[in-house]
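For reference, the structure discussed in these notes is given below.
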Amino acid sequence: MNNDAVSKKNPQSTKERILETANTLFFTKSYENTSIQMIIDTLGIAKGTFYHHFSSKAELLSEIGYQRGKHLVGITRNIIDSQNKNAVQKFEELFNTLGSLKIEQMPYLEDLAKVFYNDKNVYLREKLTERSQELVQPMMVSIIEQGEEEGVFHTYDSEFTAKVIFSFIASLGKEIVSPFLRVFKNPEDHQALTELKEFGAKINNLIERILGAEEGTLNLYNFDIIFQHLTGGEHDQT
């Protein structure tokens, strides 16, 4: 029985195999150098089988991004569910953990960014942002509500506030990814790291204002913590 015959009996398995194969090829050959035909040939399936699950390579990348997003949410779930952390600690750990995980998966993010911020992929960008919001916003709402109960956050509507924060961060995605990539390629680029810290401080201050928190309450985007994942130890804080 050939692979295409197997795929008709188990379509969900076929979709997962397409995702897994594409993910591997995107990593090893890059997104730009991987064609749909290459994925089809690697799997040994018919072209129609591929297009039954995905309309394009861009949609395939979008689904991989969404699956990775769910994986990240799973990793950070223990932060949200912790009974021993206050809202400020949870907010900081959420941002800094996601930042560290981005560093670990930077080769993938570099390819994703090339596609994501291409002017031809506005629809892809909107859909992926929308799906990411579905995953992240509920976690933010939970933390904001806890912060309101603890008296450190003061908002009119926790769900709307979470939506505003997510939209704010999403709108700055390209500006955040670009310096991340610079430091990833050269961890000794102190100028780039300084720019990142300054950028992070501005974002931190604005999020404090959105949350109605006192200045200095949060320490989001702590790049000294994040970039320990690059060096394996303490990062130069100069």
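Residue indices begin at 1 and follow the sequence shown. These values consider heavy atoms only, across backbone and side chains, with no hydrogens, waters or symmetry-generated copies.
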request  = Show your reasoning for whether side-chain contact (heavy atoms from CB on, under 4.5 Å) applies to E159 and Q137.
outcome  = CA-CA 8 Å; E159 187 167 346; Q137 186 169 313; 3.7 Å; yes
Minimum heavy-atom distance between [X] and [Y], given as atom pair plus value:
{"X": "M139", "Y": "L94", "result": "CE-CD1, 4.0 Å"}
{"X": "K47", "Y": "Q37", "result": "CE-OE1, 3.5 Å"}
{"X": "E134", "Y": "Y66", "result": "OE1-OH, 4.1 Å"}
{"X": "L25", "Y": "T34", "result": "O-OG1, 3.3 Å"}
{"X": "L19", "Y": "L60", "result": "CD2-CD1, 3.6 Å"}
{"X": "F153", "Y": "A87", "result": "CE1-CB, 4.0 Å"}

If you define the side chain from C-beta out and look only at heavy atoms, does anything of [X] sit under 4.5 Å from [Y]?
{"X": "K29", "Y": "M38", "result": "yes"}
{"X": "I169", "Y": "I207", "result": "yes"}
{"X": "E215", "Y": "E208", "result": "yes"}
{"X": "T161", "Y": "Y156", "result": "no"}
{"X": "E63", "Y": "E59", "result": "no"}
{"X": "K15", "Y": "H52", "result": "no"}

Interatomic spacing from [atom1] in [X] to [atom2] in [Y] - rounded to 0.5 Å:
{"X": "Q89", "Y": "N219", "atom1": "CD", "atom2": "CG", "answer": "12.0 Å"}
{"X": "K197", "Y": "H190", "atom1": "NZ", "atom2": "NE2", "answer": "9.5 Å"}
{"X": "I210", "Y": "T155", "atom1": "CD1", "atom2": "OG1", "answer": "11.0 Å"}
{"X": "I165", "Y": "I203", "atom1": "CD1", "atom2": "CD1", "answer": "12.0 Å"}
{"X": "I18", "Y": "T42", "atom1": "CD1", "atom2": "OG1", "answer": "11.5 Å"}
{"X": "L211", "Y": "R209", "atom1": "CG", "atom2": "CZ", "answer": "12.5 Å"}

What do you reckon, is [atom1] of [X] surrounded by more than 12 foreign heavy atoms closer than 6.0 Å?
{"X": "Q67", "atom1": "CD", "answer": "yes"}
{"X": "K163", "atom1": "NZ", "answer": "no"}
{"X": "F168", "atom1": "CZ", "answer": "yes"}

ask   = Within the side chain of T49, is there an N or O that forms a donor-acceptor pair under 3.5 Å with the backbone of I45?
value =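 No.
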inquiry  = So does I144 get a backbone contact from the side chain of K90, meaning a donor-acceptor N/O pair under 3.5 Å?
reply    =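 No, K90 side chain to I144 backbone: no donor-acceptor pair under 3.5 Å.
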key: Transitive ILVMFWY side-chain link L218 to F166, under 4.5 Å   =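 Yes; F166 is reachable from L218 via cluster members.
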key: Common cluster, V152/V141, ILVMFWY with side-chain heavy-atom separation under 4.5 Å   =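 In one cluster with V152: V141, no.
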Modelled atom types, side-chain donor and acceptor of E145 and S158, under 3.5 Å =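 E145 vs S158: donor-acceptor pair found between side chains.
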query = Going by atom types only, do E150 and Q146 share a side-chain donor-acceptor pair under 3.5 Å?
reply =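 Result is yes, a qualifying pair exists.
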ask   = For the residue pair F95 and F91, does the interplanar ring angle fall in the parallel (under 30°), tilted (30 to 60°) or perpendicular (over 60°) class?
value =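 Parallel: the ring planes of F95 and F91 meet at under 30°.
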query = Can you list every side chain to side chain donor-acceptor pair (under 3.5 Å) pair that touches residues 77-88, not counting sequence neighbours?
reply =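 For residues 77-88, and leaving out neighbouring residues, there are no side chain to side chain donor-acceptor pair (under 3.5 Å) pairs at all.
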